[in-house]
Every structure is written in structure tokens, then in C-alpha cells.
Number of protein chains: 2
Amino acid sequence: MEPNIVTGSFQLMKSLNRSVILNTIRKKGAISRADIAKTTKLTPPTVSNLVKELLETEMIIETSLGVSSGGRKPTLLTLNSEMFHVIGLDIGSHHLKILLTDINGRIRKKQIHPIPDSITNEGLLDLMITSIYTIQKNEQIDRDKIIGIGIGMHGIVDVDQGVSIFAPNLKLKNIRVKDVLEKEFQMMVQVENDARAMSLGELWFGNGHGNDSIVCINVGRGIGAGIIINGQVFRGEHYISGEIGHMVIDLNGPKCTCGNYGCLQTFASGPAIVERLNKELKLGESSILKNKENEIDGEVIYQAALAGDLLSQNVLNKAGRYLGVGVTNLIHIVNPKRIVISGGVSNAKEFILESVKETIEQRALTDSAKQTEVIISKFGEDATVMGAIALILSQLFATPSNN
Amino acid sequence: MEPNIVTGSFQLMKSLNRSVILNTIRKKGAISRADIAKTTKLTPPTVSNLVKELLETEMIIETSLGVSSGGRKPTLLTLNSEMFHVIGLDIGSHHLKILLTDINGRIRKKQIHPIPDSITNEGLLDLMITSIYTIQKNEQIDRDKIIGIGIGMHGIVDVDQGVSIFAPNLKLKNIRVKDVLEKEFQMMVQVENDARAMSLGELWFGNGHGNDSIVCINVGRGIGAGIIINGQVFRGEHYISGEIGHMVIDLNGPKCTCGNYGCLQTFASGPAIVERLNKELKLGESSILKNKENEIDGEVIYQAALAGDLLSQNVLNKAGRYLGVGVTNLIHIVNPKRIVISGGVSNAKEFILESVKETIEQRALTDSAKQTEVIISKFGEDATVMGAIALILSQLFATPSNN
DNA sequence: TTAATTAAATATAATTATAAACTATAATGT
DNA sequence: ACATTATAGTTTATAATTATATTTAATTAA
């Protein structure tokens with residue numbers, strides 16, 4: 001089965017130009033036909049014709065008149081953000097987060113539903129469906145004004161089939177998300193791994209904005225990366241690109257849940273940090289967390305560090321340095337312009353970020369590699385669900401490549 | 001400075017279709033206009049028109065008549081391989097290898113020139129220029145029948161500027177290869193890092209053929225990888241993607257030349273293997289290489305292993321397992337369909353390949369990841385120079401994306 | 001021989017971008 | 001106030017292509 005060959009045709013030409021114009025409006029905000037022609041190098045009549053069609057489909061609207069510096073005032077065009085909407089879902093281990101946004105990614109409504117323990121495939125799909133109906137009815141938005149449903153979930157996702165192949169934290173396999181939701185709602189459905197969705201979210205709306213080659217690292221219970229190359233999510237052959245949690249950085253390191261030894265995850269994930277702190281406490285290190293062994297989690301350690309607890313600060317710093325080793329390996333392989341760190345552990349940015357940066361500075365091979373930008377996610381907890389929104393928008397605004 | 005926006009135009013449409021047709025002829029060999037129309041889904045008149053132009057430029061020729069199953073015999077079209085040629089250079093540490101091929105990558109002439117010790121930038125450029133004149137005159141090929149010059153060289157290469165930023169083995173910096181050669185020869189010049197060139201060579205002509213997402217790992221004095229995604233060389237932001245030789249796999253491992261500890265290179269490169277064997281000999285291990293410490297290099301170890309020397313076999317096996325750890329890390333990050341191993345160490349394939357595969361089988365996260373194909377380079381020593389040829393051909397046959 | 005079949009060329013139509021001319025509108029200078 | 005100039009946007013005509021339909025050419029098989 002050959003992949004469809006992209007040939008030049010009138011259709012392609014037109015849809016390419018329509019897409020160029022649409023993206024120009026999206027990126028520049030309110031812009032006149034004349035300015036679109038200038039920035040895209042399309043001729044004014046071409047722009048006028050395609051703008052007319054876009055106005056008819058109500059994808060864009062004429063808003064106001066701009067200022068003139070001598071001459072007719074430009075009529076400014078913007079996306080018709082009131083008209084169309086997108087739904088995003090984040091399927092976590094214990095909660096389903098659902099978001100309704102406009103076409104610019106501005107949030108209209110956010111809801112959270114608990115996911116019962118030992119849920120089945122059908123149960124989860126039902127929960128997704130009812131949550132979508134609920135948010136849609138609450139906000140009274142016609143179904144045909146919703147463009148699509150994006151879903152970010154942990155584990156391994158077959159994006160082409162729209163199937164969650166394995167979701168370890170829910171103990172589920174082969175959930176046919178796309179099929180079921182497309183049948184129920186008759187609209188575009190995109191399913192993606194959480195870290196990869198996240199990275200697209202940061203690219204579109206967050207701290208990756210303006211770049212086209214970033215890596216987003218999700219440090220929480222596990223560690224996963226989403227790799228963006230040329231503005232596209234990079235998935236690899238079997239949808240497991242970016243599984244850096246199981247990158248071996250110490251052949252003689254601690255045993256990992258995956259069976260190997262010295263995976264990055266055993267050094268820098270949330271659980272690894274908690275474990276390290278507990279170990280140090282047992283060894284008799286002094287800390288304000290002494291005798292609170294049962295209450296300790298990531299947030300507690302972070303608060304203790306903020307309160308000046310040296311042991312907590314030290315443990316977080318160390319995690320940052322280990323993470324830095326993994327990040328440096330990643331820089332030497334993928335060499336992105338910017339790395340965005342998100343997930344639970346990134347909350348403790350004051351104690352993590354600097355040691356990651358220092359480690360890169362020490363270890364990277366070249367001056368340019370040392371200059372790789374490392375920043376914290378803009379969205380924190382909401383990174384995945386924003387990414388789910390971006391999944392749909394990136395389809396909507398994609399430049400066509402087949403006819 | 002915005003990147004040029006790709007807009008639809010008649011030019012683009014036509015050049016896209018011309019490129020589609022040209023690539024169809026390249027891939028399928030002798031093919032009729034009618035079959036081109038069928039495989040590309042272009043209409044017969046479109047194909048006829050563009051074929052006429054391609055015949056006029058002499059890029060393709062009508063060869064023979066095919067067989068008919070009732071009806072007019074098809075006239076078969078092929079690339080005019082006799083007409084156009086490509087030159088490839090491999091700049092090694094001690095030798096310059098130069099190759100002249102036809103447009104299908106078939107070798108017409110190969111020459112090797114020694115590179116003097118302590119050569120200067122100018123000296124190296126002169127050597128490149130004279131080697132090109134020599135091979136051109138030897139084969140009596142007009143300059144306007146040579147499409148371009150591809151160059152693969154070790155170290156860090158700025159592909160856009162065509163500058164070798166740093167070539168450690170030659171102790172040279174900032175060699176302005178592209179500028180100088182383009183001025184001298186008035187033709188296309190492409191410079192690329194050796195491992196990346198190599199990977200393109202394997203993709204076009206070698207053991208990556210038919211794939212569009214492979215990783216080629218060059219294991220020799222150092223370890224470097226070339227990553228191919230969607231048929232394109234992936235370079236990263238600062239041209240250092242694939243520098244896996246300095247991927248840390250053991251935080252407490254041996255010191256590397258780069259200053260860090262436990263880089264993959266300290267476990268699985270040629271020098272690392274020699275060093276390990278010497279160490280074992282000093283510890284008193286029995287081997288046919290005993291008391292030959294001064295003669296030992298990679299080739300000697302390989303021959304000893306072939307001759308049944310257990311220590312040599314063991315050392316090579318171990319290197320394969322360490323390499324496997326690095327490769328597994330790479331699989332979890334880049335997740336290619338196929339991995340091609342080349343470079344000096346890959347000569348010892350009988351003792352390396354199986355242990356790499358076993359390690360992946362043991363360590364990879366998912367069944368599909370375990371199934372990543374691992375094979376040895378088709379070209380061995382000539383992998384880089386074949387890649388240099390592929391650099392030019394990939395430009396020549398590139399599908400246009402800007403006008 | 002003749003009908004059917006396949007290949008390729010030709011004529012004509014349809015689609016869309018492009019160029020040039022034109023209309024609309026506003027700011028500015030006198 | 002009014003001409004001049006500048007800018008925005010539309011209309012019309014034209015050019016560059018691909019798409020469709022038709023024709024011609026060359027074979028094979030009955």
C-alpha cells in the first residue's frame with residue numbers, strides 16, 4: 001500500500017492558499033486584506049476571493065475599521081472565535097478533565113470528573129461521552145458549532161487508529177476512543193499521548209509559542225517527553241518516541257518498574273524524590289519533615305523546601321541534576337531549540353530548574369548546545385488538556401498536503 | 001525574518017508534478033507514461049506534457065518499447081543516467097575519498113588521496129579542488145554534466161552555510177567548503193556531517209532502502225548517529241542531533257574525552273574495545289593476543305575473535321551489549337523503524353550484532369519496540385561517500401516546497 | 001479481416017492565480 | 001474648500017495550468 005502521492009492540482013493550490021490566509025489571520029490577529037497580501041505575497045485579488053469564501057463559511061468575520069495613514073481605512077479580519085469551539089479531554093489516573101474553548105484556545109468552561117477505581121473500557125468511554133454532553137449542554141453550544149474533540153491520555157496511544165493501546169495507571173488496554181466518540185458525536189476526534197499533547201499545547205499556546213522545534217518533558221509519576229519537529233508532533237514508528245523515563249543513565253542504578261536498572265525515572269520522578277527523602281530521613285538527616293514519613297509527597301517536600309528545609313532543598317536539587325543528565329542526553333540526540341519542563345515536579349521550579357540548567361552547562365558538548373533554552377511550562381496541571389485542544393486546532397489549521 | 005510562506009501557484013503546481021513524475025521514474029525504473037499516470041493519479045495529458053519537457057532537458061530518455069497485452073506497446077521512460085553525474089567526497093582523518101557516480105548512484109570511478117598531517121584549511125580545500133579536477137578529467141566528463149558535489153565529513157557541520165565548524169581529528173575549524181567549491185566549480189555543493197550523510201546513503205542505496213524513518217549509527221573512533229525522519233535528514237537546531245557517543249549511560253563510568261563520565265563512547269567505540277582488551281590482558285586473562293599489546297587494534301581483535309580467541313569474542317560481545325543499551329535509549333527516544341550499524345566496529349558484525357539485538361530484546365519497553373530492525377550497513381567503509389552522493393541526489397529529486 | 005484494447009496525442013473546457021485598471025475612501029497640504 | 005496623494009479593495013481581462021473528452025496510433029486476439 002503506497003502512501004498517497006501529493007500532486008499539484010487546482011484544489012491543492014486553492015486550499016493551500018486558503019490555509020495560508022487563515023493561518024495569517026490566526027497568527028496576526030486583526031489584519032486587513034491588503035496586509036495579508038503583503039505578508040503572504042499573494043496578490044490582492046487572490047486574497048479577496050478566498051477571504052470572501054472564508055467569510056461565507058463564517059470561519060472569519062470583518063470586525064472593525066483600522067486606522068489609515070492617508071487612504072481608505074482597512075477593514076480588519078479576525079477569526080470568528082464566537083462561532084466555533086473545541087473540546088479537550090485529559091484522561092488522568094484518577095480524574096477526567098474536560099475543557100471547552102473557542103477557536104483561539106480561550107477557555108469557556110472547565111470541568112473535572114473523578115474516574116472510579118477499576119473502571120472498564122466501556123465505563124471510561126461512557127464517562128467521556130457524558131462529560132462531553134454535560135459541558136456542551138451547560139454552555140448551550142450547538143453540536144455543529146463544535147469542531148472536534150481532542151484527548152490526551154497517558155500510556156501508549158495509536159494516533160492513526162485513535163486507540164489507547166495501553167494505559168497502565170488505569171490498567172486498561174485497547175480502548176477504541178476515536179471510533180466510539182466519532183460515531184457518537186459525528187465530529188473530528190484526535191487521541192494522543194499526554195506528553196505529546198502537552199508539547200503541542202505549549203507550542204500553540206504556552207511557552208513554546210513562536211518556536212517550531214521544542215521538546216516538552218513531563219515529570220510526574222513517570223517521565224515522558226513530547227518532541228515537536230517543524231511544528232509537528234513526532235511520534236516515531238510505534239508511537240513510543242520520547243519515552244525518556246526509561247532512558248538508562250546509570251547501568252548500576254536502582255531497579256526500575258520496567259525491570260531495568262538506572263532508568264532516569266528512578267532518579268528524577270516524583271516517587272523517586274519521595275523515596276530519596278525518606279531514605280535520607282532514615283539515615284538520620286535532620287529535617288522539618290522528620291517523623292512525618294507517612295504524609296510525605298511531592299507537594300509536602302516542595303513546601304518544606306520553600307520553608308527553608310535544607311534536606312528537602314537538597315533532594316530537589318539533586319533530582320534536578322539527574323534530570324539535567326537526561327536532558328543533556330536528549331539535547332545531544334534531538335537538539336531542540338527549547339525544552340519545556342512540565343508536570344507535578346515542575347511545580348518545584350525554584351529548586352529544580354537551576355540545577356537542570358547548571359548540569360547542561362557543565363555537560364553539553366558545544367557552546368550552542370549549552371545555550372538550549374530550558375523553561376517551565378506555562379500551564380502546569382492544565383498542560384495536557386490544553387494540548388488536547390491544540391490537537392484539534394492543529395488539524396483545523398493544518399496546511400493541506402493531500403487532495 | 002519570517003520564513004518564506006509556501007503559497008499555491010501555477011509554478012508550484014507544475015514543479016510539484018514534474019518532481020512527482022521524475023521520482024516515479026527514478027523509483028520504478030523503466031515505466032510508461034500511462035503507468036506513471038496510474039501510479040501518480042495524474043491525468044495522462046498532464047503526464048505527457050511534463051514528460052515532454054523532461055525529455056527536452058534530457059533528464060529522462062525513451063528507451064525501448066514494453067510488452068503489450070493487446071494494444072499499442074508502451075514506450076518506456078528511464079532516467080538519462082549516462083548524461084548526468086554526481087561527485088561525492090568523504091573527508092576522513094587521514095584520507096580523502098572521492099567518488100564519481102551516475103544519476104542512479106552507480107559508481108564510475110573511485111579515488112583516494114592521503115591527507116597530510118597538520119593540514120591547513122586552505123590545504124584541505126586545495127586538495128578537495130584538485131581531487132575533483134582529477135577525477136573529472138580522468139573520466140572525461142564535461143563540467144556541465146556534473147550536477148553537484150556532496151561532501152561528508154566528521155565533526156560539526158553547518159549545513160546551511162556549508163561550513164565545517166569543527167573537525168577535531170584534523171584539528172581544523174570554520175572551513176568554508178561550500179563557498180569555495182561553489183565559486184570554483186559553479187555547481188551545487190552540499191556539506192554534511194559524516195554520520196548523517198551515511199544515513200542518507202543507506203536510505204537511498206543501502207540497507208535503509210524502502211524505509212523513510214531510519215537511524216544509522218557509525219561506530220568507530222567515536223559514535224555518531226544520523227537520524228532520518230520522513231526521508232529527510234534531521235539535523236536539530238545546532239546541527240548536533242545524533243551525537244550519541246556522549247550519551248551518558250553510566251554516571252559512575254570511565255572518564256570520556258569530553259570530560260564527562262560514562263559516555264557510550266567509553267564503552268563501545270573502537271578505542272574503548274582496544275582499551276578493555278588490554279586491561280583484561282594485564283589482569284592475566286589468557287588470549288592469543290598475549291604479549292602483542294603494541295599491535296592490537298580493532299581489526300586485530302576481530303581477527304583473533306574469528307580465530308576462536310575467547311577473550312576477544314568476549315570483549316566484542318560486551319561492547320555489543322553496551323552499544324545495545326545506547327541503542328535502546330535511542331529507540332525509546334526516536335523510535336525508528338530500522339537501525340543500521342556502520343563504521344569500523346560494525347565489521348565485527350558476527351560478534352556485535354547479536355548482542356545488540358539481545359540487549360534490545362531484554363530492555364525495550366514494548367513488543368513493538370523490541371521488533372525494531374537492527375542491521376549492518378551495506379557499504380562499510382564507503383558508507384559516508386555514498387551518503388555524499390545521496391546528498392546531491394536528494395536535492396535533485398526533492399519535492400519543491402517553495403517558489 | 002475486424003473488433004477490442006491499450007497508449008499516447010490533441011482539442012477543448014474548467015479552475016485559479018496574476019496583472020492591470022478601476023473605484024472607494026481618507027489624510028494632507030495649500 | 002479643494003486638489004493631491006495615499007491606501008484599501010474590487011473588477012476585468014489574461015495567463016498558466018490541470019482536467020475531460022476526443023482522436024489517432026499501434027497491437028493483439030478472435
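Since the structure is predicted, the reported quantities are computational estimates derived from the model, not experimental observations. First the proteins, then the strands, lettered A, B, ... as listed; each starts at 1.
Residues passing the side-chain contact (heavy atoms from CB on, under 4.5 Å) test with Asp102(B), sequence neighbours excluded: Ser81(B), His85(B), Asn104(B), Arg106(B). Evaluation of the side-chain hydrogen bond (donor to acceptor under 3.5 Å, both in side chains) rule for Thr39(B) yields no partner, not counting sequence neighbours. Every residue meeting the side-chain hydrogen bond (donor to acceptor under 3.5 Å, both in side chains) condition with Asp158(B), not counting sequence neighbours, appears here in chain and number order: Tyr239(B). Remark: Phe185(A) pairs with Tyr133(A) by the ring pair (Phe, Tyr, Trp, His ring centres under 6.0 Å) rule, at least two apart or across chains. Judged as a side-chain hydrogen bond (donor to acceptor under 3.5 Å, both in side chains), and not counting sequence neighbours, the contacts of Glu62(A) are Arg33(A). Qualifying side-chain hydrogen bond (donor to acceptor under 3.5 Å, both in side chains) partners for Thr101(A), counting only residues two or more places apart in sequence or in other chains: none. Under the side-chain contact (heavy atoms from CB on, under 4.5 Å) criterion, Lys73(B) pairs with Leu65(B), Ser68(B), sequence neighbours left out.
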Show the distances under 3.5 angstrom between N or O atoms of the protein and N or O atoms of nucleotides 24-27 of chain C.
| residue | atom | partner | partner atom | Å |
| --- | --- | --- | --- | --- |
| dT25(C) | O2 | Arg72(A) | N | 2.7 |
| dA26(C) | O4' | Gly71(A) | O | 3.2 |
| dA26(C) | N3 | Gly71(A) | N | 3.3 |

Report each atom pair, protein N/O against N/O of nucleotides 16-21 of chain C, whose distance is under 3.5 angstrom.
| residue | atom | partner | partner atom | Å |
| --- | --- | --- | --- | --- |
| dA17(C) | OP1 | Asn17(A) | ND2 | 2.9 |

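When each of Lys38(B) and Lys52(B) is assigned the nucleotide of DNA chain C bearing its nearest heavy atom, the one mapping closer to the 5' terminus is Lys38(B).
The phosphate of dT10(D) (OP1 or OP2) has a side-chain N or O of Arg33(A) nearer than 4.0 angstrom. Of the side-chain N and O atoms in Thr75(B), one or more sit less than 4.0 angstrom from OP1 or OP2 of dA8(C).
Residue contacts shown for Pro74(A) are limited to sugar-phosphate atoms, with no base heavy atom under 4.0 Å away.
Taking the six-membered ring where the residue is Trp, Phe379(B) and Phe205(B) present perpendicular rings, their angle passing 60° and hence far from 30°.
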